[in-house]
Amino acid sequence: MNQTSRAFSDDSKLKDRLIAALRDREVSRALSKLQARHAELARVSRAARLFDAACAAGQDGIDVLDSLNASIAQVDNLISSARAATRAFDAGLAAEREKAGTVPYRVARAILECPGEIEGLERLIKGFEQAREAYIENLRQKGVDARMLAQLEPVPTPDDLATWKRDVEAKRDRYARLRAYDASGPAYDPALLGDELLSELSH
């Protein structure tokens with residue numbers, strides 16, 4: 001097992017650092033800059049590499065071509081190692097996705113649904129008094145007398161309002177947990193959802 005593979009073991013602190021770095025936009029930009037610098041170095045370093053090969057050839061008692069071929073072999077080994085690390089990294093991410101199953105996809109769908117549900121409940125809460133007044137006015141227009149109207153409990157009721165308030169707080173909490181879980185990918189942390197929500201999204 002190479003170092004990259006070991007990084008994805010469940011108790012690996014290196015995995016946590018790798019995943020955090022993978023999510024970090026500044027790290028991503030720095031990696032892109034580093035790759036660009038390597039490409040630029042490869043483009044402009046022909047004379048410098050020839051000079052280094054000539055110096056090495058003089059020290060090792062070999063010709064310049066052998067020195068260059070030795071450098072090529074070293075770079076080939078670095079490329080092979082980088083490819084192995086990339087394969088291990090991709091395999092580690094694939095294992096994390098497999099471990100999460102379909103939950104991330106269901107979370108993504110629920111994240112899209114939550115804002116509309118919250119907004120709908122907020123409209124009901126905001127329009128509570130107006131809805132009660134409209135209810136009474138509708139009955140008045142239908143001929144219900146004032147004495148009867150005074151005895152009626154308008155709809156929606158205070159119980160309805162209390163239910164909406166509980167529901168909207170529950171929806172906000174759900175939305176926050178969904179977003180926290182989604183942001184924890186690709187090594188998704190199920191603890192961020194809680195047992196009840198995780199069970200709901202797992203079936």
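In this chain, numbering begins with 1 at the start of the sequence shown.
From R17, atom CZ reaches atom CD1 of I19 across 12.0 Å, with rounding to the nearest 0.5 Å. Atom CG of L193 and atom OG of S199 lie 11.0 Å apart (nearest 0.5 Å). Rounded to the nearest 0.5 Å, atoms CG (L201) and OG1 (T102) are 8.5 Å apart.
Counting heavy atoms from C-beta outward, D145 and M148 have side chains that approach closer than 4.5 Å. L178 has its side chain within reach of C114: a pair of non-hydrogen atoms, C-beta onward, lies under 4.5 Å apart.
With sequence neighbours excluded, the residues satisfying side-chain hydrogen bond (donor to acceptor under 3.5 Å, both in side chains) with E26 are R29. Applying the side-chain hydrogen bond (donor to acceptor under 3.5 Å, both in side chains) rule to E137 yields the partners R140, Q141; only residues at least two apart in sequence or on another chain are considered. Every residue was checked against the side-chain hydrogen bond (donor to acceptor under 3.5 Å, both in side chains) condition with E113, not counting sequence neighbours, and none meets it. F51 pairs by the side chain to side chain contact (heavy atoms under 4.5 Å, CB included) definition with C55, not counting sequence neighbours. Applying the side-chain hydrogen bond (donor to acceptor under 3.5 Å, both in side chains) criterion to R123, with sequence neighbours excluded, gives E119.
Within the structure, salt bridge (charged side-chain N to carboxylate O under 4.0 Å, His left out) pairs that include any residue of residues 174-194 comprise D173-R177, R174-E200 (at least two apart or interchain). Each salt bridge (charged side-chain N to carboxylate O under 4.0 Å, His left out) pair with one or both residues in residues 36-55, not counting sequence neighbours, appears once here: E40-R43. Within the structure, the ring pair (Phe, Tyr, Trp, His ring centres under 6.0 Å) test picks out no pair touching residues 91-146 (sequence neighbours left out). Applying the salt bridge (charged side-chain N to carboxylate O under 4.0 Å, His left out) rule to pairs touching residues 149-168 yields R132-E153, sequence neighbours excluded. Legend: ring pair (Phe, Tyr, Trp, His ring centres under 6.0 Å) pairs involving residues 158-203, not counting sequence neighbours, sorted by first then second residue: Y181-Y188. The side chain to side chain donor-acceptor pair (under 3.5 Å) analysis of residues 68-82, with sequence neighbours excluded, yields no pairs.
A donor-acceptor pair is defined here as one N or O able to donate and one able to accept, closer than 3.5 Å; no such pair exists between the side chain of R97 and the backbone of P186.
Counting Ile, Leu, Val, Met, Phe, Trp and Tyr side chains that sit under 4.5 Å apart, directly or through other members, V27 shares a hydrophobic cluster with L31.
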